[in-house]
Amino acid sequence: MAATSAASSISIGSNLSRATSSSSRAQAVNFNYSLPRFTALRSSTLLSGPESSSFAKSLRGSVMKSQSTDTKPYGLNINASYKVAVLGAAGGIGQPLSLLIKMSPLVSTLHLYDIANVKGVAADLSHCNTPSQVRDFTGPAELADCLKDVNVVVIPAGVPRKPGMTRDDLFNINAGIVKTLVEAVADNCPNAFIHIISNPVNSTVPIAAEVLKKKGVYDPKKLFGVTTLDVVRANTFVSQKKNLKLIDVDVPVIGGHAGITILPLLSKTKPSVSFTDEEIEKLTLRIQNAGTEVVDAKAGAGSATLSMAYAAARFVESSLRALDGDGDVYECSFVDSTLTDLPFFASRIKIGRNGVEAVIESDLQGLTEYEQKALEALKPELKASIEKGVAFANKPAN
């Protein structure tokens, strides 16, 4: 992705402290990062700086100019000290996602795992002149080493959707993959943030939770179902429909991550904008069925891999910023929740150093009649998907 102006360049100092595989924690890599000011998905403040780094802006940013606060200034002197592991790094989502994570100024070490073909991906990425060191791990025998002392684990592993398939059609294969990988996470890096991308997220997140509970290491604040793509799509489609400046648009998306369980709250769009009843229905349906739109367009050649990687990279960057001390990080995610009568629910959350700090309850207040009906309609399907995941995780081993 070519830089559009000098303001979006990365200036890296000459004295880099290289992380080594033998250290218990990745060593710090200090460098200067000269991006214009931009923000994350925030509760009140949107972009106020120059518009020159499209990748950074659309990820909603990782760097804020230094400011006087009671906490650590989140400024341009960045301490790249976080280890990230991508499980399923050789796949259609894993490869572009790994590239985008390699670009993060907060990552010192990037571990890539897959059952095959990951060595070439790692070699390719290792040539990119960003500070993070790349290591590859192949097969179950190397999984434990991949996960040692990792701060963030991202799981895009699994099979993609094909034309005519629903997310539930993927269940039997992907559920087993997620269960096995999360067991390894529990054994080797139980304190890491865990990002679940593998579909069906409405079921795989509950599977992960049950696995962690059995291992005695479940921390509901650190398990995230990545639903960011629904927000990315909602923002894009609303911006196009209403001819709005894309970087200013923020549409919260709640519920789950499949079909009618995806509920964009168009009435809470920022900046405030009005929609006709017809526009609301069409936009809602398009956001809910956007994954199928891509599957059909690829005509059997895959599913939404690039946009999913982009959205997942945004969520990873937000998590890293939270770990690094930014106190103003908000994203939508499918998490352990008491917001409704369901045990898991996607909504806007605040992320901090220890994971989920708050669920934004106000998003469910003052819903329109259309949104309230849609919320009640999605609950039975979401409940069934959650229960399916819990049942899978707890079934006796053969």
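Here the structure is a predicted model, which is why all the values come from computation and not from measurement.
Here the CG-CG distance, from Asn117 to Asp136, works out to 11.5 Å after rounding to the nearest 0.5 Å. Summarising the geometry, atom CD1 belonging to Ile177 is positioned 7.0 Å from atom CD1 belonging to Ile115; distances are rounded to the nearest 0.5 Å. Rounding to the nearest 0.5 Å places CG of Leu229 at 3.5 Å from CZ of Arg233. Taken from CZ in Phe345 to OG1 in Thr261, the straight-line distance is 9.0 Å, to the nearest 0.5 Å. For the atom pair Leu87 CG and Leu147 CG, the distance stands at 5.5 Å (nearest 0.5 Å). Interatomic distance, Leu375 CG to Leu265 CG, rounded to the nearest 0.5 Å: 8.5 Å.
Ion pairing of Lys214 with Glu210 is absent here, as no side-chain N (NZ or NE/NH1/NH2) approaches a carboxylate O to less than 4.0 Å. A salt bridge does not link Asp250 to Lys270: none of the charged nitrogens lies less than 4.0 Å from a carboxylate oxygen.
For Phe334 against Thr227, the heavy-atom pair with the smallest separation is CB-CG2, 3.8 Å. Heavy atoms only, all atoms of each residue included: Arg353 and Glu357 are closest at N-OE2, 4.1 Å. Listed here is the closest heavy atom pair of Val153 and Val150: CG2-CG1, 3.8 Å. In terms of heavy atoms, Leu143 sits closest to Ala184 at CD2-CB, 3.3 Å. Minimum heavy-atom separation, Gly256 to Ile262: O-CG1, 3.7 Å.
For the pair Ser385 (side chain) and Glu381 (backbone), a donor-acceptor distance under 3.5 Å is present. With Ser198 contributing its side chain and Ala157 its backbone, the two residues share a donor-acceptor pair below 3.5 Å. Side-chain atoms of Lys242 come within 3.5 Å of backbone N or O of Ser274 as a donor-acceptor pair. Proximity of a side-chain donor or acceptor of Glu371 to a complementary backbone N or O of Ser267 within less than 3.5 Å is detected.
When side chains are defined from C-beta on, Asn188 does not count as touching Lys148, because their heavy atoms never get closer than 4.5 Å.
Ring geometry for Phe392 versus Phe171: interplanar angle over 60°, hence perpendicular rather than tilted (30 to 60°). Taking the six-membered ring where tryptophan is involved, the planes of Phe224 and Phe193 are tilted, since the angle between them lies from 30° to 60°.
Counting heavy atoms of neighbouring residues, nucleotides and ligands inside a 6.0 Å radius, atom NZ of Lys383 does not exceed 12 of them.
Lys388 and Ser203 share no side-chain donor-acceptor pair at under 3.5 Å.
Under the 4.5 Å side-chain heavy-atom criterion for ILVMFWY residues, no single connected hydrophobic cluster contains both Ile260 and Ile287. In the hydrophobic clustering of this structure, Val201 groups with Val159; members are Ile, Leu, Val, Met, Phe, Trp, Tyr whose side-chain heavy atoms approach within less than 4.5 Å, directly or through other members.
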Item to complete: Begin from the C-alpha positions of Asp277 and Tyr370 and carry the test side chain to side chain donor-acceptor pair (under 3.5 Å) through to its verdict.
Response: CA-CA 9 Å; Asp277 291 345; Tyr370 178 90; over 6 Å; no
Item to complete: Could you go through the side chain to side chain donor-acceptor pair (under 3.5 Å) check for Thr305 and Lys298 one step at a time?
Response: CA-CA 11 Å; Thr305 53; Lys298 288 190 174 182; 3.2 Å; yes
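For the pairing with Glu331, the salt bridge (Lys or Arg N to Asp or Glu O under 4.0 Å) check across Arg314, Arg348, Arg321 returns one residue only, Arg314.
Annotation: ring pair (Phe, Tyr, Trp, His ring centres under 6.0 Å) contacts involving residues 114-134, sequence neighbours excluded, are absent.
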